[in-house]
Asker: 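Sending over a structure as structure tokens; questions will come in a sec.
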Amino acid sequence: MSDLINSSLRELSAALAAKKVSAVELATLFLDRIDKFNRALNAFITTDRAKTLAQARNADEKLRVGADVTALTGIPLAHKDIFCTRGWRTTCGSKMLANFVSPYDANVVEKLAAAGMVTLGKLNMDEFAMGSSNETSYFGPVKNPWDVSCVPGGSSGGSAAAIAARLTPAATGTDTGGSIRQPAALCGLTGLKPTYGVVSRYGMIAFASSLDQGGPMAKSAEDCALLLNAMAGFDPRDSTSLERPGEDYSRDLEKPLAGLRIGLPQEFFGEGMDADVRAAVDVALTEYRKLGATTVEVRLPNSGLSVPAYYVIAPAEASSNLSRFDGVRYGHRAPEYADLAEMYSRSRAQGFGAEVKRRILIGTYVLSHGYYDAYYLQAQKIRRLIAADFVAAFKQCDVMMGPTSPSVAFAFGAKSADPVQMYLSDIYTISTNLAGLPGMSLPCGFGNNNMPVGLQIIGNWFGEAKMLNVAHQYQKATDWHTRMPGGVK
Ligand code: GLN
């Protein structure tokens, strides 16, 4: 059984089909590991053994009858606690929603359940997905399984830590400015943020609606392709969901890379990237050249403006989205207040943490009369220029590559006193969200203190299958994605 914790989703699927293991046994294996290791890692906010095993029995029944079986039936996964789950609480990492139980499932949750996947629980995250280190969660920080004195990245840090520690074979994540890719990089995993609109945001608690996108996190690109197949698709309940024909994201995995043109954005290889990260990325690029790819330098001249533009647009949208948390219908309500206005203000003052409040203040400011033109409108113009840079650069290449994060995982507290330093953690990931492009991170070696380094692949719009192909061919030639932290064996 113990080798199953390192198995790919395809291997798990084969083992289930051959009746070498049942869905109940598989779920029990991971639930037992959660019991054993979660106290130290704090990756899960909620688990419910009875609910998980009921889902697993259901999957076993489907497998027995042989009806309604997909490649994912009976395989366990866990959801970032930003996805609404009927019957399980959905906290979004906040005191505001600490006791909230959604009356419906998010589209992504519904789809993965329809594919027969078994939910292990809900994963810790930065409060309302605002953060890069998982230190803003009301439920306490998540520890990086590679070194528990270091952050796992954020905001999908619970997802990343849980997969790295083999507490789940796969997880969902969301990425507004880097929150799938950066924690994947810091924990040695593979994660994919799809093109904006490919995965429905219905039931995914909104942070910055024009940037938020859900996606898969797992050990390998092959696993991510299988998960994305089940997650993607048009949903009329999300007005920004795209109506496109279905795709098999695994279809190009085995294509050789001869002739692939990799663009290297000059702006991603300058100052700011740590030497250990640079060294690992350079070795990865050498491997790609061995696989038949060529590299070409490209320019993204406005990418230096991506972090400032993001920290106007994302807080602006957040301030609007989070206005619904007022203590009236659901969520935290202050126990004492004199009148309605005080009920709102006290409930929000008590329910939100410091980073969320900072974003609401910034967002309200940049949208206010007199500052709207100077900040919000300017940021939107920059956003357009950033997208135009990508259009021009993709004329010269098929995918782009660079580091996912400027450094390996850092120690708790190292950046929490300086929000700008923390915001720079996403310097290489944010521009793709602003442009709506797909991006991936995959492990490409180890840097300082033997911590994982992530290689970022940026695809063209709807280039998910291409990115997955490019990542999978590398993973066939290397074994970084198979490495497991020593402390959780
Ligand atoms: N770290 C970025 C932020 O705090 C991105 C977060 C995310 O992608 N959800 O806004």
Side-chain angles (χ1 to χ4, degrees), residues 4-16 23 26-27 30 55 59 69-80 82-83 85 105-123 156 158-160 162-164 166-175 179-181 183-184 187 189-195 198-201 203-204 213-233 235 246-253 438-443 457 459 462-472 475 481:
L4 289 172
I5 63 170
N6 285 313
S7 298
S8 70
L9 300 190
R10 257 182 220 293
E11 287 163 349
L12 292 179
S13 191
L16 285 159
L26 212 46
F30 286 102
Q55 290 186 12
V69 174
T70 77
L72 296 171
T73 304
I75 298 178
L77 100 158
H79 290 295
K80 183 176 182 179
I82 196 168
F83 288 99
T85 40
D105 279 331
N107 176 270
V108 161
V109 171
E110 220 172 55
K111 286 193 145 164
L112 292 167
M117 294 197 89
V118 174
T119 308
L120 291 169
K122 305 295 295 288
L123 295 159
S156 313
S159 309
I163 302 166
R166 310 301 193 249
L167 309 186
T168 178
T172 51
T174 62
D175 193 312
S179 281
I180 287 177
R181 292 162 286 161
C187 289
L189 305 170
T190 307
L192 186 149
K193 178 202 101 68
T195 306
V198 163
V199 168
S200 167
R201 293 183 297 105
M204 192 178 104
Q213 190 57 197
M217 298 173 76
K219 295 189 286 292
S220 68
E222 188 193 24
D223 288 359
C224 284
L226 279 180
L227 293 163
L228 188 59
N229 278 347
M231 293 169 79
D235 176 9
E247 277 187 51
D248 174 7
Y249 294 101
S250 308
R251 67 184 186 272
D252 291 336
L253 287 179
M440 270 187 88
S441 182
L442 62 157
I457 306 178
F462 308 110
E464 285 82 3
K466 166 67 85 188
M467 287 195 309
L468 287 160
N469 162 230
V470 169
H472 179 64
Q475 292 185 329
H481 64 292

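All heavy atoms count here, side chains included; hydrogens, waters and symmetry mates do not.
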Asker: I'd like to know whether L468 forms a side-chain contact (heavy atoms from CB on, under 4.5 Å) with L253, so could you lay out the CA-CA distance, the side-chain angles of the two residues, the decisive distance to 0.1 Å, and finally the verdict.
Answerer: CA-CA 6 Å; L468 287 160; L253 287 179; 4.0 Å; yes

Asker: Just verifying a value: how many Å separate T174 OG1 and I82 CD1, rounded to the nearest 0.5 Å?
Answerer: 4.0 Å

Asker: At their closest point, which heavy atom of A59 faces which heavy atom of V118, and how far apart are they?
Answerer: CB-CG2, 4.2 Å

Asker: Main chain of N469, side chain of D252: is a donor-acceptor contact present, judged purely on distance under 3.5 Å?
Answerer: no

Asker: Can you list everything that forms a side-chain contact (heavy atoms from CB on, under 4.5 Å) with P443? Sequence neighbours excluded, please.
Answerer: T190, Q475, W480, H481

Asker: Closest heavy-atom contact between P194 and G214?
Answerer: CD-O, 3.0 Å

Asker: Of all residues at least two apart in sequence or in a different chain, which pass the side chain to side chain donor-acceptor pair (under 3.5 Å) check with E464?
Answerer: T195

Asker: Does anything in residues 216-228 pair up under salt bridge (Lys or Arg N to Asp or Glu O under 4.0 Å), and if so which pairs, sequence neighbours excluded?
Answerer: R10-E222

Asker: For T73, give me all partners under side chain to side chain donor-acceptor pair (under 3.5 Å), at least two apart in sequence or on another chain.
Answerer: T70

Asker: Who passes side chain to side chain donor-acceptor pair (under 3.5 Å) against S159, sequence neighbours left out?
Answerer: none

Asker: Looking at residues at least two apart in the chain, or sitting in another chain, which of them share a side-chain contact (heavy atoms from CB on, under 4.5 Å) with A106?
Answerer: F83, V109

Asker: Under 4.5 Å between any side-chain heavy atoms of N229 and S250, yes or no?
Answerer: yes

Asker: Applying salt bridge (Lys or Arg N to Asp or Glu O under 4.0 Å), which residue pairs with at least one partner in residues 108-121 are found, sequence neighbours left out?
Answerer: E110-R237

Asker: Would you sort out whether M117 and T119 count as a side-chain contact (heavy atoms from CB on, under 4.5 Å), showing the intermediate values?
Answerer: CA-CA 7 Å; M117 294 197 89; T119 308; over 6 Å; no

Asker: Just wondering, do S7 and L4 contact through their side chains at under 4.5 Å, heavy atoms?
Answerer: yes

Asker: Measuring from atom CG of L12 to atom CD1 of I75, what distance do you get when rounded to the nearest 0.5 angstrom?
Answerer: 5.0 Å

Asker: Could you state the interatomic distance from CG (L228) to CG (D248), rounded to the nearest 0.5 Å?
Answerer: 10.0 Å

Asker: Tell me, do Y249 and V198 make a side-chain contact under 4.5 Å, heavy atoms counted?
Answerer: yes

Asker: How many angstroms lie between CG in L192 and CD in Q213, if you round to the nearest 0.5 Å?
Answerer: 9.5 Å

Asker: Measure across A23 and L16 and return the closest heavy-atom pair with its distance rounded to 0.1 Å.
Answerer: N-CD2, 3.5 Å

Asker: Could you tell me which residues satisfy side-chain contact (heavy atoms from CB on, under 4.5 Å) with S179, sequence neighbours excluded, listed by chain and number?
Answerer: K80, S155, S156

Asker: To check you understand the geometry: which heavy-atom pair defines the closest contact between P76 and T168, and what is its length?
Answerer: O-OG1, 4.1 Å

Asker: Is any side-chain heavy atom of M231 less than 4.5 Å from a side-chain heavy atom of T172?
Answerer: yes

Asker: Taking the side chain as C-beta and beyond, is there a heavy-atom pair between I180 and M217 under 4.5 Å?
Answerer: yes

Asker: Who passes salt bridge (charged side-chain N to carboxylate O under 4.0 Å, His left out) against K122, sequence neighbours left out?
Answerer: D81

Asker: Among residues at least two apart in sequence or on other chains, which ones pass side chain to side chain donor-acceptor pair (under 3.5 Å) with D105?
Answerer: none

Asker: I'd like to know if the side chain of S13 and the backbone of A71 have a donor-acceptor N/O pair within less than 3.5 Å.
Answerer: yes

Asker: Which residues pass the salt bridge (charged side-chain N to carboxylate O under 4.0 Å, His left out) test with E247, sequence neighbours left out?
Answerer: R244, R251

Asker: Looking at every heavy atom in both A170 and L227, which two are closest together, and how far apart are they?
Answerer: CB-CD1, 3.7 Å

Asker: Considering all heavy atoms of both residues, which atom of L120 and which atom of F30 are nearest to each other, and what is their separation?
Answerer: CD1-CB, 3.8 Å

Asker: For A230, check side-chain contact (heavy atoms from CB on, under 4.5 Å) against everything at least two apart and list the hits.
Answerer: L72, L112, A115

Asker: Which value, rounded to the nearest 0.5 Å, describes the distance between N6 atom CG and R166 atom CZ?
Answerer: 4.5 Å

